[in-house]
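Worksheet: the structure to be examined is printed underneath.
Letters go in sequence order (proteins before strands), and every chain restarts at 1.
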Amino acid sequence: MSQDAANQNPVKLDFVRQIVADDCKSGKWDGRVVTRFPPEPNGYLHIGHAKSVCLNFGIASEFGGKCHLRFDDTNPEKEEQEYVDSIIEDVKWLGWDWGENLFFGSDYFQQMYDWAVDLIKKGKAYVCDLTAEQTREYRGGVEGGKDSPYRSRSVEENLELFEKMKNGDFPDGAKTLRAKIDMAHPNFNMRDPVMYRIVHATHHRTGDNWCVYPMYDWAHGLEDSIENITHSICTLEFENHRPLYDWFLDALEVYHPQQIEFARLNLTYTVMSKRKLLKLVQDKLVAGWDDPRMPSLSGMRRRGFSPEAIRNFCRTISVNKFNSTVDFALLEHCLRQDLNKTSPRVMAVLNPLKVVIENYPEGQIEQLEAVNNPEDSSAGTRQVPFSREIYIERDDFMEEAPKKFFRLTPGREVRLRYAYFVTCTDVVKDSDGNITELRCTYDPATKGGDAPDGRKVKSTLHWVCAENALDAQVRLYEHLFTKENPDDVEEGKDFTDYINPNSLTTLTGCKIEPSLRNAAPLSRWQFERLGYFCVDTDSKDGNLVFNRTATLRDEWAKIKNAQKK
RNA sequence: UGGGGAAUAGUGUAACGGUAGCACGAGUGGCUCUGAACCACUUAGUCAAGGUUCGAAUCCUUGUUCCCCAGCCA
C-alpha cells in the first residue's frame with residue numbers, strides 16, 4: 001500500500017505507480033515490490049537520472065518494497081571505477097538508501113554464461129562467424145533479413161566454439177554468440193540478436209577473467225531475474241527491446257519481471273545526453289563534471305541545489321510515456337521553494353558602493369539584531385555590526401530615479417535593513433563622472449529599522465559594515481545555452497555553438513557580513529534581496545568563494561526590463 | 001514503403017463514460033523591515049473528422065503530427 005494512500009492523503013498515481021498498486025492489490029508478485037536503478041558506470045549522473053532514481057527508490061519506499069542499486073557494467077571498454085564512485089555518492093546525496101542491495105552485473109557473468117550454454121543446448125543460440133559488417137548486411141532492412149550461414153551448426157560444435165570464445169582462443173570480433181529467433185521478424189531486435197561478443201579488455205571489476213562480454217539485451221533481463229525484481233522500469237527507447245527481454249526469460253524458463261517504459265526527462269536550456277555532457281567536459285567548455293552550470297548531480301550539488309528540491313521536482317514533473325520538455329523555471333521554482341524555507345539569511349553586497357553616514361559617530365561600531373530566517377523562527381537571530389561607513393549595492397542607487405524606482409536617490413529616505421533610516425545628501429564622483437561614494441545622514445531614532453513617529457519608507461536596502469566586511473569572490477550563473485533546445489541545431493552547427501558566453505560571470509571584491517567567515521563548503525545561504533548562494537568547494541580560509549544558485553524572483557528587474565522597451 | 005510508441009492551456013501534469021482540475025509561467029491587485037515569501041484574482045487547453053451513447057478527453061473508425069528502432073553500446 002502506498003504511504004500516501006495509508007496517510008489518507010491520496011495523491012494521483014502516475015501510470016507506473018498505478019501498475020505497481022494494481023499488482024499489489026491483485027497479488028501478482030505476492031505483494032512484493034522490488035525495483036532497481038541500473039546505471040552503466042560510464043559517466044556521471046544528471047538530473048535526468050534523478051528522475052529514474054526517484055521513481056525507482058520512491059516506489060520502493062512508498063509500497064514497502066526495496067530498490068537495488070545495480071551497476072550494469074557489461075562493457076569494459078567504457079566503464080570505470082571513477083564513475084561507480086560518483087554514482088554511489090550522487091544517489092546517496094539524493095537521500096536514497098539501498099541497504100545491502102548494491103549489485104554489479106559483472107558479478108553474474110558466470111551465471112549468464114551458464115545460461116547461454118543452456119540456450120545452446122536447447123538449440124536456441126549459435127556461434128556465428130560473420131563480421132560486424134556482414135551481420136549488419138544479413139540483418140537486412142524493412143524487407144527482412146537472411147539467415148546466417150552458421151545458423152545451423154550442431155549443438156556440440158556451438159558448445160565447443162563458445163567455450164573457446166570464453167577461453168580467449170579467438171581475436172576480438174571473430175565470432176559472436178547469437179540467439180536463434182527469426183531473421184524475418186519485423187522488429188530488428190528479434191533478428192538473431194548478438195548475446196556475446198569477444199572483447200579482450202580489462203574490466204574494472206573482473207579484470208582479465210573474461211574474453212566474452214554479454215550484450216545489454218541478454219544481460220539486463222538476467223540481472224533482473226537473478227535479483228527477483230518485480231518491476232523493471234526503463235526508458236522509452238527500450239520499448240522495442242521488450243519482446244526480446246521477454247523472449248530470453250521465457251526461453252530460459254526463469255523468473256520473469258515486468259519491464260515498464262517511461263519517457264526520459266528533457267529540460268529547457270540544457271542538454272541531457274551523457275555523450276554531449278562528456279564532450280563539454282573533454283573539450284573544456286566547462287570546468288568539469290561538477291561545473292555548477294552542468295545538469296549533472298555533482299554540478300547541481302556544487303551550484304547549491306538541495307536534494308530535497310530535486311526530489312520535489314521529480315515528483316512534480318511526474319512520469320509519462322510521451323516525450324516532453326520541462327521548463328527550467330519549474331526546476332527553479334522547486335529549488336526556491338525549498339531554499340526559502342531552509343536557507344539562513346545573510347547580507348552581502350555584490351557590487352559595492354561606499355556610503356558615509358555623516359552624522360554617525362566616527363569610530364563607533366554597534367551590533368544590531370538580525371533575523372536568521374523569517375520562515376523558521378527556530379533559526380533565531382544574530383548580531384550584525386554597523387558603523388559610519390558601509391557598503392550598499394550599486395544597483396540600489398540611481399541619481400535620477402525613474403518611475404517605480406523606490407530605492408535610494410538624492411534627497412530620499414530609505415531603510416537600511418535592521419539598522420536605520422538614511423537619507424542621501426550628496427553624491428561623490430571621480431573626474432570621469434563615476435559615482436565613487438554616497439553621503440548620507442541617518443535618524444538615530446529609527447534604530448532597528450522602525451520610526452517611532454510611524455513614518456514609512458518605500459524601500460529597504462541590504463548593506464555591509466565596511467570595516468568588518470569579508471571580501472569574497474562570487475560566481476554568477478546563467479543558462480549554459482542560449483537556446484531553449486540546444487539540440488535543435490541549424491545546418492552546419494552543433495550544440496556547442498549555442499553555449500551562452502554569459503553563463504559564468506565572476507565577481508571579485510564582493511562584501512559579505514562577518515558572520516560568514518567560517519561558512520562551510522557547500523553550505524547554502526540566502527543573500528537578502530539577491531538570491532541563494534552556496535559556498536564553493538574552491539573556497540578557502542580567508543578566500544571565500546560563492547556560487548549563485550538562483551536569484552530571488554525580481555519584480556524590479558521585470559519593471560526595468562519593460563521600461564527599456 | 002516495416003515494426004514499436006504517443007498526442008489535454010505557453011510549459012508540466014490530473015480527470016479511469018458523468019461539472020476539463022492542479023502546478024509552473026505570464027498578468028493584475030493586496031500585504032511587507034527582502035520589489036522575496038505569502039494572499040486574492042485574471043489568462044489560456046482535450047490533434048482532426050466522423051461514429052456509439054441521455055452523456056465522450058475517455059469507447060469505435062479514419063486521418064494528421066511527433067518520438068524510437070537496422071551497434072559485436074546501454
Summarise how protein sits on nucleotides 17-23 of chain B as a single string, 5' to 3': B when a protein heavy atom is under 4.0 Å from the base, S for sugar-phosphate-only contact, - for no contact.
-> -------

Flag the pair [X] and [Y] as a salt bridge only when some basic side-chain nitrogen lies within less than 4.0 angstrom of an acidic carboxylate oxygen.
X	Y	answer
A:Glu62	A:Arg315	yes
A:Arg151	A:Asp192	yes
A:Lys78	A:Glu40	no

What is the glycosidic conformation of B:G51: syn, defined as within 90° of 0, or anti?
-> anti

Distance in angstrom units between [X] [atom1] and [N] [atom2], rounded:
X	N	atom1	atom2	answer
A:Asp14	B:U13	CG	P	11 Å
A:Leu265	B:C67	CG	P	18 Å
A:Leu331	B:U13	CG	C1'	16 Å
A:Leu244	B:C69	CG	C1'	13 Å
A:Leu335	B:A36	CG	C1'	15 Å
A:Lys51	B:U13	NZ	P	7 Å

Contacts of type ring-ring contact (aromatic ring centres under 6.0 Å, His included), residue A:His185, not counting sequence neighbours | none

For side chain to side chain contact (heavy atoms under 4.5 Å, CB included), just list the numbers for A:Ser106 and A:Phe71, CA-CA rounded to whole Å, side-chain angles, deciding distance to a tenth of an Å, and then say yes or no.
-> CA-CA 8 Å; A:Ser106 55; A:Phe71 289 93; over 6 Å; no

Side chains of [X] and [Y], donor plus acceptor under 3.5 Å:
X	Y	result
A:Gln258	A:Tyr245	no
A:Glu308	A:Ser306	no
A:Thr381	A:Glu369	yes

Could you tell me whether the side chain of A:Thr206 and the main chain of A:His203 form a donor-acceptor pair under 3.5 Å?
->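 No, A:Thr206 side chain to A:His203 backbone: no donor-acceptor pair under 3.5 Å.
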
Does the A:Asn266 side chain pair with the main chain of A:Met272, one donor and one acceptor, at a distance under 3.5 Å?
-> no

Phosphate OP1/OP2 of [N]: any [X] side-chain N/O under 4.0 Å:
X	N	answer
A:Lys558	B:A26	yes
A:Arg139	B:G71	yes
A:Arg197	B:A74	yes
A:Thr74	B:A74	yes
A:Arg529	B:G35	yes

Given pairs defined as Watson-Crick or G-U wobble with both distances under 3.5 Å, what dot-bracket annotation applies to RNA chain B, with ( ) intrastrand, [ ] crossing, | other strand and . unpaired?
-> .((((((..((((....[..))))((((((.......))))))...(((((..]....))))))))))).....

Given the P atoms of B:A57 and B:C67, what is the spacing between them in whole Å?
->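 The answer is 28 Å between these two P atoms.
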
P gap between B:G17 and B:C66, integer Å |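 To the nearest whole Å, 31 Å.
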
Side-chain atoms of A:Asn240 come closest, of B:G35, B:G4, B:A6, to B:G4

Donor-acceptor pair (no angle test) under 3.5 Å: A:Glu143 side chain, B:U1 base = no

